Each structure stands twice: as C-alpha cells, then as structure tokens.
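Values below: all heavy atoms of this structure, side chains included; hydrogens, waters and symmetry mates excluded. This structure is a prediction, so every number in the text was calculated from the model and none was measured. Lettering of chains follows the sequences in order, A, B, ..., and the numbering in each one begins at 1.
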2 protein chains.
Amino acid sequence: MVRPTMEDVALRAGVSRALVSLVMRGSPKVSELRRSAVLKAAEELGYSPHAMARSLASRTSTVLGVMVSDLHNAFFAEVVDGIDEVAREQGFDVIINTGGRSPARERRALESLLSFRPAGLILLSPVVPATAIGKAAEQLPVVLVARSSRVSDVDTVNDDGEVGARLAVDHLVSLGHQRIAHLDGGEGTQAGPRRRGYVAAMEAHGLVPQVVSSEYTDAAGARAIRSLITSDALPTAILSCNDFNAVGAISALEDAGLRVPHDVSVVGYDNTSLAALRHVSLTTIDQPRAEFGRLAADALLQRVREERTEPVRHLLTPSLVVRSTTAPPGGPR
Amino acid sequence: MVRPTMEDVALRAGVSRALVSLVMRGSPKVSELRRSAVLKAAEELGYSPHAMARSLASRTSTVLGVMVSDLHNAFFAEVVDGIDEVAREQGFDVIINTGGRSPARERRALESLLSFRPAGLILLSPVVPATAIGKAAEQLPVVLVARSSRVSDVDTVNDDGEVGARLAVDHLVSLGHQRIAHLDGGEGTQAGPRRRGYVAAMEAHGLVPQVVSSEYTDAAGARAIRSLITSDALPTAILSCNDFNAVGAISALEDAGLRVPHDVSVVGYDNTSLAALRHVSLTTIDQPRAEFGRLAADALLQRVREERTEPVRHLLTPSLVVRSTTAPPGGPR
DNA sequence: TTACAGCATTAGAGCGCTCCAACCAATAGA
DNA sequence: TCTATTGGTTGGAGCGCTCTAATGCTGTAA
C-alpha cells in the first residue's frame with residue numbers, strides 16, 4: 001500500500017530526481033540512454049507521478065473541475081462527454097462532483113472542487129446563488145453551462161430557447177395547425193426563453209398564444225392536459241417545455257381516448273434518449289449537448305492559458321427532430 | 001486569482017502558521033482568544049485550506065474516487081447518491097470520473113483518479129480487465145459495484161439477479177401464465193444470473209424455459225419480439241433482461257396489433273425512471289441502488305480505517321414492482 | 001526560593017514534486 | 001591554444017501544509 005516516489009525511481013535508475021522529473025514530463029533535453037533507463041526503473045517499480053505534489057510544486061494544475069447539478073439527468077452526461085473530449089485532447093484531467101439539485105449540497109461540492117485548486121471550473125446548470133459563483137470566479141476561470149448569468153468574468157454556454165420554440169411552432173404551423181398551446185416550465189431554467197420564443201412565433205404567424213402553466217415533469221404534463229380537456233380548451237397541437245412533460249401529456253391524451261398525432265400533435269424539448277425510444281418516438285427540439293461541453297471546455301482552457309480575459313457568451317442554435325408525434329390536424333394524410 | 005495561504009492568515013492574526021493549522025483542523029488545544037482571531041483573519045482574507053497540500057503533508061486523504069463506467073445510465077446516478085451520502089456523513093469528499101464504457105478511456109480515468117492518491121476507490125460496473133483492478137487494489141482499498149470479481153482484496157456489491165428473475169417468474173405464474181419467455185442480455189453484465197434465475201424458476205414451477213437471445217437495448221427487444229411473432233412462438237408473458245429491452249418489446253407487440261397486458265404481459269428489470277413514467281408504467285424488478293452506494297462506501301471506509309482486511313461480498317435482494325404491463329392471460333379480469 | 005506540572009504555542013523538518021541556476025563535459029570558433 | 005557555446009545533468013530551494021519535539025508561560029507544591 002505504499003507507492004514509490006521519484007526518489008526511488010532515481011535511485012534505481014542511477015540518476016538524479018530532477019532527471020526523472022524531466023523524463024516524466026517528456027522533456028526533449030534528456031539523452032535516449034537515460035530516458036530508457038528511467039522508464040525501465042519506473043515500470044519495474046510501478047511508479048506513476050503524484051498529481052497533487054506535482055501541482056503543488058508547479059503552482060499549476062491540469063485538472064478541470066466539473067460540477068453537475070443533477071447526475072440523474074442524461075442531458076449532463078452528454079455535455080460531460082464533450083468536455084471530456086476536449087480536455088483529454090489538451091492533456092487535462094476532469095474531475096466531477098455533484099450537487100444533487102440542492103443549493104446546500106452544491107455549495108459543498110463547489111468548496112470541495114475548489115480545494116483541489118483546479119485550473120478552472122465548469123458548472124452545469126448550477127442552482128447556487130450568483131454570489132457564490134462570483135466568489136469562485138475571483139479565484140479561477142469559471143464557465144457556466146445551461147444557466148445564464150450577469151456575473152462578469154464568467155463565460156456562459158446556452159442554447160437559444162427562443163429559436164428552439166420558434167422552430168417547433170413553425171413546424172406545427174407548416175403542418176396546418178393554428179391552435180397551438182404551450183405547456184410552460186414555470187420557474188425552471190430556460191423556461192423563460194422558450195415561453196418568449198413560443199409567444200413571439202405565434203404572434204409572428206398571426207395566431208393567439210395559449211400558455212398553460214406547467215412544470216418539467218411527466219406528472220405536470222398530464223395534469224396540464226387534463227385541465228385543458230376539462231375546460232374544453234384543448235388545442236390541436238401542444239408544445240411542451242421538455243420531453244418528460246410531453247410524455248406525460250401524451251399519456252393523459254391517450255387516457256382521454258385521444259390519439260397522438262391523429263387528434264393532437266405533441267412536440268417536446270431536449271431530445272433526450274427517452275424521445276428516441278420507438279415506444280415514444282417524440283418530435284422534439286434537439287440541443288447540441290456535446291457541443292455545449294466542447295465549447296465550455298474550449299472557453300475555459302482559453303482563460304486558463306490566459307489567451308482571453310473578456311467574457312464570452314455562447315448561444316447555440318437548436319434544431320428540430322421530427323418523429324411520430326406530429327402530423328397535420330386530423331391525422332396523417 | 002491568487003489565493004491566500006496559511007502563512008498569510010498567520011501573519012494577519014499575529015500567530016504562527018502551526019497555530020492556524022490547528023484551528024483549521026478544529027483542534028481543542030487552542031485558546032478561544034486565538035481561535036477567534038485566526039478565524040477572523042481567515043474570513044477576511046477569504047482563506048480556505050489547500051486540500052492537496054494538506055493531503056501531501058499528512059500522508060492521508062479524505063477523498064474517495066468513484067469511477068462511473070457510464071454517466072448516461074441513471075442507474076449509476078442513484079448509486080452515487082448513496083456513496084455521497086455516506087461519504088459526506090463521515091467527512092470524506094467524493095470525486096467522480098468516467099470511462100465512457102471504453103476500456104482504454106476507463107484505464108485512463110483510473111490512472112487519473114489514482115494520481116490524486118485518494119483514500120480509496122469505488123468502481124461502478126467497470127469494463128477494464130481484472131488485472132488492472134488487481135493492480136489498483138495493491139495500492140489502495142477498492143470496492144466493485146455491479147461487477148463480480150474473483151480478485152482477492154476487493155470488496156463487491158451486487159444484486160442477486162437470480163432472485164430478481166425468480167420474483168418476476170413467480171409473479172407471472174401467480175397471474176396464471178405458463179408460457180413465459182426470457183429475452184436475455186447476452187454478454188452484458190448480470191445477464192448470466194438473471195438467465196439462470198429465470199430457468200431455475202421455470203423449472204421449479206414445472207414449466208418449460210424459453211430463452212430468446214437479445215440485448216440491453218430497446219431495438220434488440222423489438223427485434224426479439226418480431227422474431228417470436230414470425231416463428232409463431234409468442235408466449236403469453238415476457239421477462240426482459242432490462243427495462244429498455246422491455247420497452248422495445250412493448251413497442252413491437254403494439255406494432256403487431258397486440259395489447260399489453262391484455263394479450264401479452266411484459267416485465268422489465270432495473271426499475272429505471274423510464275419504467276415509472278405513466279406512459280410506460282412497466283412492471284419491473286427494482287434494485288436497491290442507493291443501498292448499493294451506501295454499502296460500497298461503508299465497505300471502503302472500513303478498509304480505509306483499517307477496521308477490516310478480509311474481503312466482503314454483498315449480494316442484495318431485489319424486489320418486484322407491479323405496474324400496468326402485467327395481468328392474467330387474456331387481460332385483467 | 002526552586003521544581004514541576006500542565007497547557008498553549010511555535011520552530012523546523014519533511015511530504016513528492018518542479019524549477020532555477022549552476023555545473024560539467026564535449027565540441028566549435030577564433 | 002584559449003574561450004564560447006551547447007546539450008545533458010544535478011543540487012537545492014520551495015510549493016502549502018502537517019507533525020513532532022521543543023519552548024515559554026503560567027500556577028502550584030515542596
């Protein structure tokens with residue numbers, strides 16, 4: 001249970017500790033002879049460098065900290081994929097941490113990440129107050145994903161929810177729909193832009209917006225539909241705030257004996273793996289999630305390398321994915 | 001961007017660095033006077049201890065490394081919840097890392113985790129070869145979750161797939177089914193025990209097992225059902241290897257004009273959040289995932305504290321969750 | 001008075017590494 | 001011949017902290 005140190009390797013290879021350090025960092029100014037001797041000794045001893053000692057001594061870090069607000073949401077997994085890809089390419093390691101959607105836990109997670117003195121921090125849809133983010137940003141570069149922020153000196157990466165909602169409305173209108181309701185995401189992140197985009201797109205088409213208050217869950221989607229049916233205000237098409245909400249809406253419609261998309265078309269938002277299941281096959285709005293991650297990592301590394309000090313705000317364009325839950329009013333021709 | 005050190009705090013508080021260290025670690029042998037002076041100075045400077053320097057100097061670590069083979073799978077998120085809970089209680093921090101189901105990437109992830117010299121390592125369903133695990137286990141305590149192993153000195157936490165499969169079969173038989181097929185998980189982890197449990201349970205009931213080769217995806221589940229229909233060998237009930245497979249199976253059944261559960265009952269495995277969606281409402285087998293995490297963390301911490309050296313093998317009992325995809329043959333009475 | 005606890009406090013070494021300046025051939029240039 | 005130059009190598013300081021042993025300082029007993 002005791003790991004060899006550089007000293008041990010140096011002793012075995014018959015060189016100085018400094019030389020071993022050079023070899024480990026792949027310096028070109030080491031003779032082939034010594035290099036192989038060192039590598040051999042390291043191999044035999046099962047040596048691998050101590051990242052913390054290294055970072056302490058060099059006063060630099062090759063670690064990027066990532067705080068994921070909710071590990072249960074596959075959305076973040078794909079963002080992490082993108083981060084990982086870029087980080088690996090550029091020789092950085094990624095450590096992840098989760099806040100479980102609770103501000104208190106998230107704060108602790110942030111502290112914990114910070115205590116490793118990483119080169120930078122990426123926060124995925126954090127729920128901690130902006131002040132906590134600002135404080136972190138004073139100590140190291142910080143990038144926010146899926147949460148906008150007015151904190152200066154923080155880069156952000158978001159999707160353009162207004163465009164996404166417009167894409168959905170345009171699609172439904174082009175199918176011939178005129179009565180299109182939006183089940184909105186209430187206080188949820190990004191609910192605002194989606195709602196605004198929906199309203200703007202409806203008005204642009206000369207149609208009357210119908211915003212129904214709802215939430216990001218399937219139960220809420222079902223509830224919203226039931227209330228629409230009860231009040232006899234059911235439209236021919238629904239734009240949900242996200243995929244879960246849409247699936248709940250579909251269930252409630254089917255429970256009421258209505259067919260999707262024959263009687264009512266439904267569009268989700270996020271293109272989660274759920275939407276792609278053949279049993280669901282939901283028309284939805286896709287966000288370039290891996291791209292989110294790549295851009296976030298790029299932005300962070302630019303700051304880490306001090307290539308940029310001005311904050312950057314990425315706003316990515318979502319796209320429409322047509323599956324089987326949308327059709328012209330009255331059903332597919 | 002430069003963080004204050006202990007020295008700075010000591011200077012400001014008019015004490016020695018060692019005293020600040022004692023205060024930071026909550027030592028009782030510090031006078032109230034000095035303690036408050038130190039805390040005040042630390043507060044004013046925005047000081048927080050440098051975890052790496054601390055761990056280097058003390059030759060101990062309060063970090064648990066967790067390698068998640070696949071971040072996209074919500075199964076692991078719940079296990080991490082359990083780990084997190086126990087770790088937090090006992091004053092340990094958790095850092096996560098992912099291998100993306102690729103042995104090469106996973107190996108790198110392992111290296112990276114190891115380079116932080118954590119107190120111990122938890123591997124969630126790793127795909128790296130056993131030798132790599134064994135090598136890690138020589139350096140620090142290692143716990144394996146959702147992967148059995150014959151490596152000595154490694155603790156494991158698994159669910160009893162044989163019991164789970166038996167629960168499902170018993171449930172179907174009690175509903176009156178006799179022709180029950182199993183869509184199996186092929187080479188996937190835990191597919192073996194589930195298949196064995198199914199076969200054993202069928203035989204215990206005096207029924208003929210019918211194992212159909214399949215995989216852990218919804219497309220594979222659909223394919224298996226189509227082949228059963230084509231070959232006219234469709235049973236009255238299906239036990240899928242997991243929930244995704246089950247959802248695919250349901251889609252294919254519905255495509256063929258069959259109703260679930262009226263014509264065919266379907267049982268999944270894992271009780272993912274997918275199964276709980278009202279649109280799906282899948283009868284399935286639940287594994288105590290958070291409990292997996294808690295037990296794994298407990299086992300690891302026991303070893304970290306050197307309270308135990310003998311390996312421990314946890315085998316947890318799954319349970320049946322009845323929803324709407326199972327009914328007596330011919331449909332609900 | 002001296003001795004001796006008992007307690008709070010501190011100096012200093014050292015954790016495993018990096019980095020700088022110095023060093024030492026060996027070769028090239030004058 | 002002597003002086004630069006170059007490429008490879010090394011000692012030693014120091015990163016921010018912990019830990020041990022030693023220090024100073026009371027107060028009490030002899």
Going by side-chain contact (heavy atoms from CB on, under 4.5 Å), name the residues that satisfy it together with Ser36(B), two or more places apart in sequence or in a different chain.
none

When the distance from CG of Leu19(A) to C1' of dG7(D) is rounded to whole Å, what number comes out?
12 Å

Check whether any side-chain N or O of Ser27(A) sits under 3.5 Å from a backbone N or O of Val23(A) as a donor-acceptor pair, and report yes or no.
no

With a cut-off of 3.5 Å and sequence neighbours excluded, list every side-chain donor-acceptor pair involving residues 290-302 of chain B.
{"residue": "Glu291(B)", "atom": "OE1", "partner": "Arg294(B)", "partner atom": "NE", "Å": "3.2"}
{"residue": "Glu291(B)", "atom": "OE1", "partner": "Arg294(B)", "partner atom": "NH2", "Å": "3.0"}
{"residue": "Arg294(B)", "atom": "NH1", "partner": "Glu85(B)", "partner atom": "OE1", "Å": "3.2"}
{"residue": "Gln302(B)", "atom": "OE1", "partner": "Arg308(B)", "partner atom": "NE", "Å": "2.7"}
{"residue": "Gln302(B)", "atom": "OE1", "partner": "Arg308(B)", "partner atom": "NH2", "Å": "3.4"}

Listed partners of Asp160(A) passing side chain to side chain donor-acceptor pair (under 3.5 Å), at least two apart
none

Non-neighbouring partners of Lys40(B) that pass salt bridge (charged side-chain N to carboxylate O under 4.0 Å, His left out), sequence neighbours left out
Glu44(B)

Reading 5' to 3' through nucleotides 13-19 of chain D, protein heavy-atom contacts under 4.0 Å coded B for base, S for sugar-phosphate only, - for none
BBBBBBB

Which residues pass the salt bridge (charged side-chain N to carboxylate O under 4.0 Å, His left out) test with Arg25(A), sequence neighbours left out?
none

Test of understanding: with salt bridge (charged side-chain N to carboxylate O under 4.0 Å, His left out), list the residues that count as partners of Glu32(B), not counting sequence neighbours.
Arg35(B)

Residues 53-72 of chain A vs ring-ring contact (aromatic ring centres under 6.0 Å, His included), sequence neighbours excluded, gives none

Could you work out, with salt bridge (charged side-chain N to carboxylate O under 4.0 Å, His left out) as the rule, every residue matching Arg88(B), not counting sequence neighbours?
Asp84(B)

Nearest whole angstrom, please: distance from the C1' of dT6(D) to the NZ of Lys29(A).
11 Å

For a quick test of your reading: what N or O donor-acceptor pairs under 3.5 Å do the side chains of residues 111-124 of chain A make, sequence neighbours left out?
{"residue": "Ser115(A)", "atom": "OG", "partner": "Ser112(A)", "partner atom": "O", "Å": "2.7"}
{"residue": "Arg117(A)", "atom": "NH1", "partner": "Leu114(A)", "partner atom": "O", "Å": "3.4"}
{"residue": "Arg117(A)", "atom": "NH2", "partner": "Ser48(B)", "partner atom": "O", "Å": "3.0"}

Between its two end axes (five pairs each) the helix from dT1(C)-dA30(D) to dA30(C)-dT1(D) turns, nearest 10 degrees, through 70°

DNA chain C contacts among residues 33-44 of chain B, heavy-atom distance under 4.0 Å:
Arg34(B)

